[in-house]
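Remember, it's a predicted structure, so these values are computed and weren't measured experimentally.
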Amino acid sequence: MSERSPAPGGLALVESLVNTLDLESGADTLDTADGRAALGLTADELPAARALRESLRAALLAHAGHAPHRAVTPLGELLAAAPLLVAVDSLDGSARLAPADDGPLLSRVAAAVAEALVAGTWQRLKACEAVTCHWAYYDRSPAGRGRWCSMQVCGARAKMRRYRARET
């Protein structure tokens, strides 16, 4: 839904996973073979991927100062099961957390979250405050106080609701 540019680094994976479900229409791209392939998922991995998606959405809502959209498994509990290792580059000696196995989505997401924590970008990935949306977006505003995935859609709707409430 958002016209914003994708989140930086590994957060693009997190953003794309959260945005596989359009809450307004109910369309879930994980229901399609192409949607699953884009994230490297099999049909057997769908229940775990959906649980991870909704835990991520709850964390992104918290980044924006909102309560979880529904009861979910805490993200920390899910990520605790992801095997990560410290990868050291033999050329320059730089180190990073990396998935122990590049296949599982959970490990790739855990590595992306760890990378974003180190980079200081994790808190900038948020979920739109509109209850019919909750689309993930990367807040590039200087103060980090963005509220909607799209000012033209969700922001405009919220402002129009407030305006109409004042007029009645």
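- Counting all heavy atoms, side chain and backbone alike, L21 lies closest to G26 at CD1-O, 4.0 Å.
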Can D31 and R36 be said to form a salt bridge (Lys or Arg N to Asp or Glu O under 4.0 Å), step by step?
CA-CA 7 Å; D31 289 337; R36 290 188 298 274; 5.8 Å; no
Tell me which donor-acceptor pairs under 3.5 Å the side chains of residues 70-77 have, and how far apart each pair is, sequence neighbours excluded?
none

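- Contact record, P68 with A58: CB-CB, 4.0 Å, taken as the closest heavy-atom pair.
- Taking CG from L61 and NE2 from H69, the interatomic distance works out to 7.0 Å, rounded to the nearest 0.5 Å.
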Can you check side chain to side chain contact (heavy atoms under 4.5 Å, CB included) on L105 and E45, steps first, answer last?
CA-CA 9 Å; L105 179 63; E45 296 170 310; over 6 Å; no
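- Clustering of Ile, Leu, Val, Met, Phe, Trp and Tyr by side-chain heavy atoms under 4.5 Å joins L91 with none of the others.
- Summarising the local packing, CZ of R96 is surrounded by 12 or fewer heavy atoms from other residues, nucleotides or ligands at distances under 6.0 Å.
- Counting heavy atoms from C-beta on, the side chains of L85 and L97 never come closer than 4.5 Å.
- In terms of hydrophobic clustering, with Ile, Leu, Val, Met, Phe, Trp and Tyr side chains grouped at heavy-atom distances under 4.5 Å, L41 and L79 are assigned to a common cluster.
- Inter-residue side-chain proximity for E24 and C133 is flagged as unmet; no heavy-atom pair is nearer than 4.5 Å.
- Nearest heavy-atom pair, A82 versus S107, reported as atom, atom and distance to 0.1 Å: CB-CA, 3.9 Å.
- When all heavy atoms are compared, the tightest approach of A136 to L60 is CB-CD1, 3.7 Å.
- To the nearest 0.5 angstrom, L17 atom CG is 12.5 Å from L11 atom CG.
- For the pair L30/L39, a side-chain contact is recorded, criterion being any heavy-atom separation below 4.5 Å from C-beta on.
- Expressed to the nearest 0.5 Å, how far NZ of K126 lies from CG of D139 amounts to 4.0 Å.
- The shortest distance between side-chain heavy atoms of P99 and P104 does not fall below 4.5 Å.
- The side-chain hydrogen bond (donor to acceptor under 3.5 Å, both in side chains) analysis of residues 83-92, with sequence neighbours excluded, yields the pairs D92-S94.
- Formation of a donor-acceptor pair under 3.5 Å by the S55 side chain with backbone atoms of L52 is not found in this model.
- Residues passing the salt bridge (Lys or Arg N to Asp or Glu O under 4.0 Å) test with R140, sequence neighbours excluded: none.
- In terms of the side-chain hydrogen bond (donor to acceptor under 3.5 Å, both in side chains) criterion, residue partners of R57 (sequence neighbours excluded) are, by chain and number, E54.
- Pairing each heavy atom of A127 with each of A64, the nearest pair is O-CB, 3.9 Å.
- Using a 4.5 Å cut-off between side-chain heavy atoms of Ile, Leu, Val, Met, Phe, Trp and Tyr, with links allowed through other members, W122 and Y137 fall into different hydrophobic clusters.
- We find the CG-CG distance between D101 and L84 to be 11.5 Å, quoted to the nearest 0.5 Å.
- T121 is linked by a side-chain hydrogen bond (donor to acceptor under 3.5 Å, both in side chains) to nothing, counting only residues two or more places apart in sequence or in another chain.
- Taken from OG1 in T29 to CG in D22, the straight-line distance is 9.5 Å, to the nearest 0.5 Å.
- Cluster annotation: W135 is not connected to V131 through the hydrophobic network of ILVMFWY side chains, with a link wherever side-chain heavy atoms come within less than 4.5 Å.
- Contact of the V14 side chain with the L56 side chain is registered, since non-hydrogen atoms from C-beta on lie closer than 4.5 Å.
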Show the numbers, then the answer: is there a side chain to side chain contact (heavy atoms under 4.5 Å, CB included) between R53 and D28?
CA-CA 11 Å; R53 174 181 65 196; D28 187 346; 3.0 Å; yes
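- Taking the side chain as every heavy atom from C-beta outward, P6 and Y138 never approach each other to under 4.5 Å.
- Using modelled atom types, one side-chain atom of E115 and one backbone atom of G10 make a donor-acceptor pair closer than 3.5 Å.
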